[in-house]
Amino acid sequence: MNNNGTLLSLENVSTHFFTADGIVKAVQNISLKIKKGRTFALVGESGCGKSVTALSVMRLVPHPQGKIAGGKIIFEEKNLLELNEKQMRNVRGNKIAMIFQEPMTSLNPVYTVGNQIAEAIKLHQDKAGWQAKEDAVEMLQKVGIADSQRRINDYPHQMSGGMRQRVMIAMAISCQPKLLIADEPTTALDVTTQAQILDLLDELQQQEKMSILLITHDLGIVAERADDVAVMYASRIAETADSKTLFANPLHPYTQGLLKSLPRLGFTGERLPTVAGIVPDPLHFPSGCKFHPRCPIGCNDERCQTIEPEIRYVAPGHGVACWHAQGYEKITDKQNG
């Protein structure tokens, strides 16, 4: 593949969970492409399926209560869903790494941070213990932790939230992955620390030439950091485009609602618009377009209420799933663009 090629593509991926109350279709027919060296943002409200999408890529969906029910996950021209567990372990952490939402629950409280980073290096890089320890010190230095030779002996509880997040990043990049999945990497951090973490990710991306899948609900972060964006709603992709196009010309009413809720320069303190209602219960998704009960247009349109639109590309790289999006009905091939 060339330098500008696709590193990871999801093709009609669906992930279901089997509960006593019924089947939860957390992700349905998701398709997206992440290019080499670029940041792809997956955005939407809590409960839309963003984190389940990431867990599906890593094949960390809990079994047997969860299952990737269909589709393909192509990484470096191989379908990850066809790999056995041993082969997948060689990919997970080594070629694709993940930063989880809450570092305090992701780090083991009874091991030092140095041991935890070194363990990942020994597992995937086949290095001796002393080499892995040296690499762990280097990783902590790389993510901006001062006096790293001493801090590798600290336990997670001895560190602040921002430092624990840096440790998680150090662990994730310790094997020079080609794709880093960052699931809400700045959740529960103060604004200053958030900016430091995001700057760090940008710097590391440039150094390591890696791609980033950034999962967030913060459109301000997306505007600043992402090259490409997919807006997710109730288990499906509602709209996808490069970042500049999406912010300049949002087509889906959900995307438009999210953008209108952002404060802007010159904001005088008046009440910001909001998207009415809440994300529907995945056990009881509405018929038709899942957004129609909250949509100012779809709530009164019988077609929106009965027929679910699929992604169609109204311009190169700009896909939308909405009957009322400009140019949508003129397109008969949903795969164009």
Side-chain angles (χ1 to χ4, degrees), residues 4-15 25-35 38 40-45 48-50 52-53 56-57 69-74 213 215 219 222-223 226-260 275 279-280 282 285-337:
N4 295 319
T6 299
L7 179 66
L8 175 79
S9 66
L10 277 63
E11 301 174 9
N12 296 314
V13 172
S14 296
T15 301
K25 296 180 179 179
V27 169
Q28 295 188 73
N29 299 319
I30 292 294
S31 295
L32 54 84
K33 293 182 179 181
I34 300 175
K35 297 178 182 178
R38 290 170 71 91
F40 189 105
L42 190 60
V43 304
E45 296 167 280
C48 284
K50 305 184 302 296
V52 175
T53 300
S56 300
V57 172
K72 296 179 180 179
I73 301 175
I74 308 297
L213 172 57
I215 297 173
L219 285 167
V222 173
D227 299 301
D228 306 291
V229 188
V231 178
M232 198 166 181
Y233 182 77
S235 80
R236 288 182 177 267
I237 299 294
E239 186 169 1
T240 183
D242 65 84
S243 181
K244 289 182 179 178
T245 298
L246 189 87
F247 280 83
N249 185 32
L251 296 177
H252 197 286
Y254 180 59
T255 310
Q256 294 169 356
L258 292 177
L259 293 179
K260 287 177 182 176
V275 181
V279 178
F285 281 140
S287 59
C289 174
K290 293 181 173 59
F291 186 62
H292 88 258
R294 306 174 67 186
C295 179
I297 303 171
C299 62
N300 296 314
D301 189 312
E302 184 178 353
R303 180 177 48 179
C304 295
Q305 296 168 12
T306 56
I307 306 172
E308 185 162 29
E310 297 188 46
I311 285 278
R312 292 180 183 172
Y313 286 83
V314 299
H318 192 173
V320 63
C322 175
W323 293 115
H324 294 276
Q326 184 177 2
Y328 183 85
E329 287 199 86
K330 296 178 182 179
I331 300 167
T332 57
D333 179 6
K334 67 178 181 178
Q335 298 297 336
N336 75 350

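Keep in mind that the numbers below use all heavy atoms, side chains included, and drop hydrogens, waters and symmetry copies. Everything numeric in this text was worked out from a predicted model, so none of it was measured.
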Between [atom1] on residue [X] and [atom2] on residue [Y], distance to nearest 0.5 Å:
{"X": "Lys50", "Y": "Met232", "atom1": "NZ", "atom2": "CE", "result": "8.5 Å"}
{"X": "Ile237", "Y": "Ile30", "atom1": "CD1", "atom2": "CD1", "result": "4.0 Å"}
{"X": "Asn29", "Y": "Glu310", "atom1": "CG", "atom2": "CD", "result": "7.5 Å"}
{"X": "Cys304", "Y": "Ile297", "atom1": "SG", "atom2": "CD1", "result": "7.5 Å"}
{"X": "Cys299", "Y": "His292", "atom1": "SG", "atom2": "NE2", "result": "8.5 Å"}
{"X": "Leu32", "Y": "Leu10", "atom1": "CG", "atom2": "CG", "result": "4.5 Å"}

All side-chain contact (heavy atoms from CB on, under 4.5 Å) counterparts of [X], not counting sequence neighbours:
{"X": "Ser287", "result": "none"}
{"X": "Lys260", "result": "Pro273"}
{"X": "Ala241", "result": "Thr245, Leu246, His318"}
{"X": "Ser235", "result": "Gln28, Phe285, Lys290"}

Heavy-atom check, side chain of [X] versus side chain of [Y], under 4.5 Å:
{"X": "Cys322", "Y": "Leu251", "value": "no"}
{"X": "Val43", "Y": "Thr255", "value": "no"}
{"X": "Val231", "Y": "Leu258", "value": "yes"}
{"X": "Lys35", "Y": "Asp227", "value": "no"}

If every non-hydrogen atom of [X] is compared with every non-hydrogen atom of [Y], which pair is closest and at what distance?
{"X": "Ser56", "Y": "Ile73", "value": "O-CD1, 3.4 Å"}
{"X": "Pro309", "Y": "Cys289", "value": "CD-CB, 3.8 Å"}
{"X": "Gly257", "Y": "Val275", "value": "C-CG2, 3.7 Å"}
{"X": "Ile311", "Y": "Ala238", "value": "CD1-O, 4.0 Å"}
{"X": "Leu219", "Y": "Phe247", "value": "O-CZ, 3.5 Å"}
{"X": "Gly49", "Y": "Val27", "value": "O-CG2, 3.6 Å"}

[X]: which residues meet the side chain to side chain donor-acceptor pair (under 3.5 Å) condition with it, sequence neighbours left out?
{"X": "Arg294", "result": "Glu45, Tyr233"}
{"X": "Asn249", "result": "none"}
{"X": "Thr53", "result": "none"}

request  = Sequence neighbours left out, what pairs pass salt bridge (Lys or Arg N to Asp or Glu O under 4.0 Å) with at least one residue falling in residues 229-257?
outcome  = Arg236-Glu308
query = Is a donor on one side and an acceptor on the other found under 3.5 Å between the side chain of Trp323 and the backbone of Asp301?
reply = no
request  = Please check if the side chain of Ser9 supplies one atom and the backbone of Lys33 the other of a donor-acceptor pair under 3.5 Å.
outcome  = no
query = Which residues pass the ring pair (Phe, Tyr, Trp, His ring centres under 6.0 Å) test with His252, sequence neighbours left out?
reply = Phe291
query = Residues in salt bridge (charged side-chain N to carboxylate O under 4.0 Å, His left out) with Asp228, at least two apart?
reply = Arg38
